[in-house]
Amino acid sequence: MPSDRFERGQAALSRIHGHVGEGVMAALQDIAPDFARLIIEFPYGDLYSRPGLTPKERQIATLASLTTLGHAPKELKAHIQGALNVGCTRQEVVEVIMQMAVYAGFPAAVNALLVAKELFAEVDTATRNAG
């Protein structure tokens, strides 16, 4: 039986990432089911579900962090999509990434901007194909 943390986490994961987040968790089930559960329970069930910051503010903080890490393009791409899903504009995403050049360096910011550019193009293509 799923715990309250797991149920909160599933709800937050779905709100932010939709079916993409569920796909990542499903992909981990055969190799590390406990890790998939921990991802749902801790970051999403405990942290993303806390009061104090809006989902949009949490995604902005996450974008900043992933940009400064500079080595998590898949996660960055997922969280850029998540940021759009919770109300960030493309311009806000770009501004957050550009701001990180001061702290992480230009290479990290350029790489993150290229990830954003790729995701924006995918969103545009999907929108055109759906219409």
Side-chain angles (χ1 to χ4, degrees):
M1 180 143 185
S3 68
D4 288 344
R5 290 173 74 208
F6 188 87
E7 289 178 7
R8 276 193 318 272
Q10 279 286 76
L13 181 68
S14 292
R15 182 173 54 252
I16 296 165
H17 297 293
H19 70 282
V20 173
E22 294 165 9
V24 171
M25 295 306 109
L28 291 172
Q29 283 301 318
D30 63 340
I31 189 168
D34 288 338
F35 192 68
R37 179 184 49 78
L38 289 171
I39 290 172
I40 292 170
E41 288 179 347
F42 179 59
Y44 291 95
D46 292 342
L47 298 177
Y48 278 91
S49 299
R50 289 176 53 83
L53 293 175
T54 66
K56 181 178 175 178
E57 291 166 336
R58 288 188 189 281
Q59 284 304 112
I60 287 171
T62 302
L63 294 181
S65 180
L66 289 169
T67 297
T68 61
L69 281 175
H71 60 76
K74 288 181 183 181
E75 293 81 1
L76 178 61
K77 186 176 181 181
H79 282 281
I80 292 170
Q81 180 65 66
L84 297 174
N85 291 346
V86 298
C88 285
T89 66
R90 290 178 181 200
Q91 189 59 42
E92 288 170 326
V93 168
V94 168
E95 289 296 327
V96 168
I97 293 170
M98 287 174 51
Q99 179 72 25
M100 293 307 102
V102 175
Y103 304 99
F106 277 81
V110 168
N111 289 338
L113 286 168
L114 293 175
V115 170
K117 179 180 177 178
E118 178 184 315
L119 185 270
F120 296 162
E122 289 174 12
V123 169
D124 291 344
T125 298
T127 301
R128 276 193 304 273
N129 290 340

For Ala104 and Thr67, the nearest pair of non-hydrogen atoms, with its separation, is CB-O, 4.4 Å
When hydrophobic residues are tied together by side-chain contacts of less than 4.5 Å, even through go-betweens, does Phe35 share a cluster with Leu13?
yes
Value for OH (Tyr48) from CD (Gln59), rounded to nearest 0.5 Å, stands at 4.5 Å
Does Ser65 offer a backbone N or O that forms a donor-acceptor pair with the side chain of Thr68 under 3.5 Å?
yes
Between Pro55 and Arg15, which heavy-atom pair has the shortest distance, and what is it?
CG-NE, 4.2 Å
If you take all heavy atoms of Ala64 and Met100, which pair is closest and at what distance?
CB-SD, 3.6 Å
To the nearest 0.5 Å, how far apart are CD in Glu7 and CG in Asp4?
6.0 Å
Measure the acute angle between the ring planes of His17 and His79, then classify it against the limits of 30° and 60° as parallel, tilted or perpendicular.
perpendicular
Fellow cluster residues of Val93, listed by chain then number, with links counted only when side-chain atoms sit under 4.5 Å apart:
Ile60, Leu63, Leu66, Leu69, Leu76, Ile80, Leu84, Val94, Val96, Ile97, Met98, Leu113, Val115, Leu119, Phe120, Val123
Compare every heavy atom of Ser3 with every heavy atom of Glu41, then report the nearest pair and how far apart it is.
OE2-OG, 3.3 Å
Do Glu95 and Gln99 pair up side chain to side chain, a donor and an acceptor below 3.5 Å, judged on atom types alone?
no
The reported gap from CZ in Arg8 to CZ in Arg5 (rounded to nearest 0.5 angstrom) is 7.5 Å
CD of Gln81 to CD1 of Ile16: how many Å apart, nearest 0.5 Å?
12.0 Å
Mind checking the CD-CZ spacing from Gln29 to Arg37? Nearest 0.5 Å is all I need.
10.0 Å
